[in-house]
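Atoms within each ligand, like the ligands themselves, are counted from 1 in listed order. Here, residue 1 is the first one in the sequence, and each next residue gets the next number.
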Amino acid sequence: METISIIDSKDYVDQKVKIGVWLTNKRSSGKIAFLQLRDGTAYFQGVVVKSNVSEETFKLAKELKQETSMYVVGTIHEDTRSHFGYEIEIEDIEVVGKSENYPITPKEHGTDFLMDHRHLWLRSKRQFAVMKIRNEVIRATYEFFNKEGFIKLDAPILTGSAPEGTTELFHTEYFDKDAYLSQSGQLYEEAGAMAYGKVFSFGPTFRAEKSKTRRHLIEFWMIEPEMAFMHQEESLEIQERYIAYLVQNVLDHCDYELGILGRDRDVLKRYTELPYPRISYDEAIDLLKESGEFPDVKWGEDFGSPEETYLAEHFNKPVFVMNYPKAIKPFYMKPHPTRDDVVICADLLAPEGYGEIIGGSERSTDPEYLEEQIVKAGLNKDDYEWYLDLRRYGSVPHSGFGLGLERCITWLTGEDHIREAIPFPRLLNRIYP
Ligand code: ATP
Ligand code: MG
């Protein structure tokens, strides 16, 4: 008899197997007990028929408590009524770890209560499905950039300076110096691109976001590719192919999980069709004005969540909004060749209300211009000497972008809140557990 995982049930129909499981729920009558089981690979049902098992086993099955861990021995059958498609007819149960008064019961709980029990809540079905999809997005990310000839180059997490100003930075001490937790690895990736051509980083970033939104975490993971000898147009093509690749791989490898979440596969399928529409910031402003829904919208301001939602819904697909006003973008973006009020950049807005998932730009190659912008932004020029060196020694056109992993996962899974897209979310009022 083999010990298997639930997910492998399809290969063991009518065979006797052993599986290590936890009990998630149970229902029983005088003659039969239905045990809802999980093992971290899938969820399915165990059936214990009184007339087929010993008296002790049936009694044990009826007394099992939620989240008890155990080995079950039995025969796999097809179960066409369930989403998973298989069940196990149990002959024997061996309890491994008992569980009394598991706090998360099948009844409804408030969000705060569930977040306080995140370490247990992760066992639940929706959370399982989201984490599996997160894992797939990470896997497909490495695969995509590897196929495209990128190398992963890790950026530091402790930094001595502040790439985009200090307001959202976490301060810490570095022996007798000041240090900050990274809020982006980009500047380091630019050094990487000049050294190795096409690079990407994938690591945690930290932003002391004071606003409480469904889209902002305090600690989140970012994928930041940077490409030498590349203008913005080519970067946009990589971005859309990357997103389509993620969507396609989630469709191909996470069908069971999408089913648990009730995510419409046809909607996702549409997001694999390229190219994504591209509009300028100016055109976006016009669209918002024409809609009549945004009477106060003004050229020069950044978009909030309602504006981003409107724009992406208008196209029913992810949309690139290009060339934002210089004044609302970071210092390193390349200025437009014929206009001095906008920069060569684009944000990718996801539909269905999820907003910006990528921010990217072509980078300025002009050391004098950059120096000027650094000073203008109130940053300390000495901190950026190394960055300016990248322009002094063999500078080339280069572009890059940053994808917020959890933003993207929230969108792909159709969850309401970004806290669901990371195992242990750090939020404005939460650093436990
Ligand atoms: P927003 O305007 O939504 O705050 P941003 O302009 O600050 O975004 P960037 O600095 O361009 O974002 O960061 C790149 C990407 O990182 C964003 O497109 C988004 O996907 C993600 N991101 C930014 N801030 C957060 C956050 N607080 N939590 C989760 N993801 C984030
Ligand atoms: Mg922000």
Side-chain angles (χ1 to χ4, degrees), residues 134 137 141 155 162-170 181-187 189 200-226 232 235-236 239-240 242-243 246 276 281 284 301-309 311-312 318-333 343-363 377 399-413 415-431:
R134 180 183 168 104
V137 169
T141 291
E164 299 181 19
T166 54
T167 47
E168 291 181 349
L169 278 178
F170 279 100
L181 297 184
S182 169
Q183 56 176 0
S184 163
Q186 180 202 315
L187 304 191
E189 294 311 301
F200 75 104
S201 66
F202 173 44
T205 51
F206 307 86
R207 296 189 188 180
E209 308 266 13
K210 301 283 163 31
S211 63
K212 226 177 167 181
T213 82
R214 292 185 300 125
R215 299 169 174 189
H216 289 92
L217 290 165
I218 305 302
E219 177 180 305
F220 65 99
W221 288 68
M222 192 147 52
I223 291 128
E224 293 183 280
E226 196 69 35
Q232 172 75 346
S235 171
L236 293 187
Q239 293 172 42
E240 62 188 0
Y242 171 43
I243 298 297
L246 295 181
Y276 295 152
Y281 173 87
E301 284 175 5
D302 207 356
F303 298 134
S305 154
E307 288 85 359
E308 290 183 352
T309 298
L311 291 168
V319 54
F320 286 112
V321 179
M322 307 186 301
N323 305 345
Y324 281 71
K326 192 198 258 181
I328 57 170
K329 288 292 178 187
F331 74 88
Y332 47 73
M333 294 188 176
V343 285
I344 303 297
C345 69
D347 285 356
L348 182 66
L349 310 182
E352 302 175 79
Y354 291 95
E356 180 193 326
I357 54 171
I358 291 181
S361 78
E362 186 159 338
R363 322 304 190 188
S399 303
F401 62 94
L403 170 89
L405 178 71
E406 291 80 11
R407 285 268 177 100
C408 183
I409 290 164
T410 311
W411 167 55
L412 294 176
T413 57
E415 287 296 275
D416 287 337
H417 199 294
I418 195 164
R419 65 175 170 242
E420 289 301 337
I422 187 163
F424 294 97
R426 268 68 185 105
L427 301 163
L428 197 52
N429 300 317
R430 177 167 297 280
I431 194 169

Taking heavy atoms and a distance under 4.0 Å, where does His216 meet ligand 1: side chain, backbone, both or neither?
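Both the backbone and the side chain of His216 come within reach of ligand 1.
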Is Arg207 touching ligand 1 with its side chain, its backbone, both, or neither, if touching means heavy atoms under 4.0 Å apart?
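Looking at Arg207 and ligand 1, just side chain atoms fall under 4.0 Å.
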Polar atom proximity, [X] to ligand 1 (N or O, under 3.5 Å):
X	value
Leu403	no
Phe220	no
Glu209	yes

Once side-chain hydrogen bond (donor to acceptor under 3.5 Å, both in side chains) is applied, do any residues pair with Thr309, and if so which ones, sequence neighbours excluded?
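None.
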Rounded distance (nearest 0.5 Å) linking atom CD1 of Ile358 with atom CD of Glu240:
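The CD1 atom of Ile358 sits 10.0 Å away from the CD atom of Glu240.
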Taking atom CD of Gln186 and atom OG of Ser361, what is their separation to the nearest 0.5 Å?
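It is 6.0 Å, given to the nearest 0.5 Å.
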Atoms of ligand 1 less than 4.0 Å from [X] heavy atoms?
X	answer
Gly402	14 (C), 15 (C)
Ile418	29 (C)
Leu217	26 (C), 27 (N), 28 (N), 29 (C)
Arg215	28 (N), 29 (C)

Full working for side-chain hydrogen bond (donor to acceptor under 3.5 Å, both in side chains) between Arg215 and Ser305
CA-CA 9 Å; Arg215 299 169 174 189; Ser305 154; 3.3 Å; yes
Does ligand 1 have any atom sitting under 4.0 Å from a heavy atom of Glu406?
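Checking ligand 1 against Glu406, which is what was asked, there is no heavy-atom contact under 4.0 Å.
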Assign the ring pair Phe303 / Tyr281 to parallel, tilted or perpendicular, where the plane angle (0 to 90°) is split at 30° and 60°.
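Because their plane-to-plane angle is under 30°, the rings of Phe303 and Tyr281 count as parallel.
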Between Leu403 and Gln239, is there a side-chain heavy-atom distance shorter than 4.5 Å?
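Answer no - side chains too far apart.
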Going by heavy atoms in the side chains, are Ile344 and Asn323 under 4.5 Å from each other?
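Side chain of Ile344 against side chain of Asn323, heavy atoms only: contact under 4.5 Å found.
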Proximity winner for atom 20 (O) of ligand 1, if only heavy atoms of Ile357, Ile218, Ile358 are counted:
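Looking at heavy atoms only, the winner is Ile357.
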Enumerate the residue pairs fulfilling salt bridge (charged side-chain N to carboxylate O under 4.0 Å, His left out) with a member in residues 419-431, sequence neighbours excluded, ordered by first and then second residue.
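Every salt bridge (charged side-chain N to carboxylate O under 4.0 Å, His left out) pair that includes a residue of residues 419-431, provided the two are not neighbours, is Asp112-Arg430, Asp116-Arg430, Arg118-Glu420.
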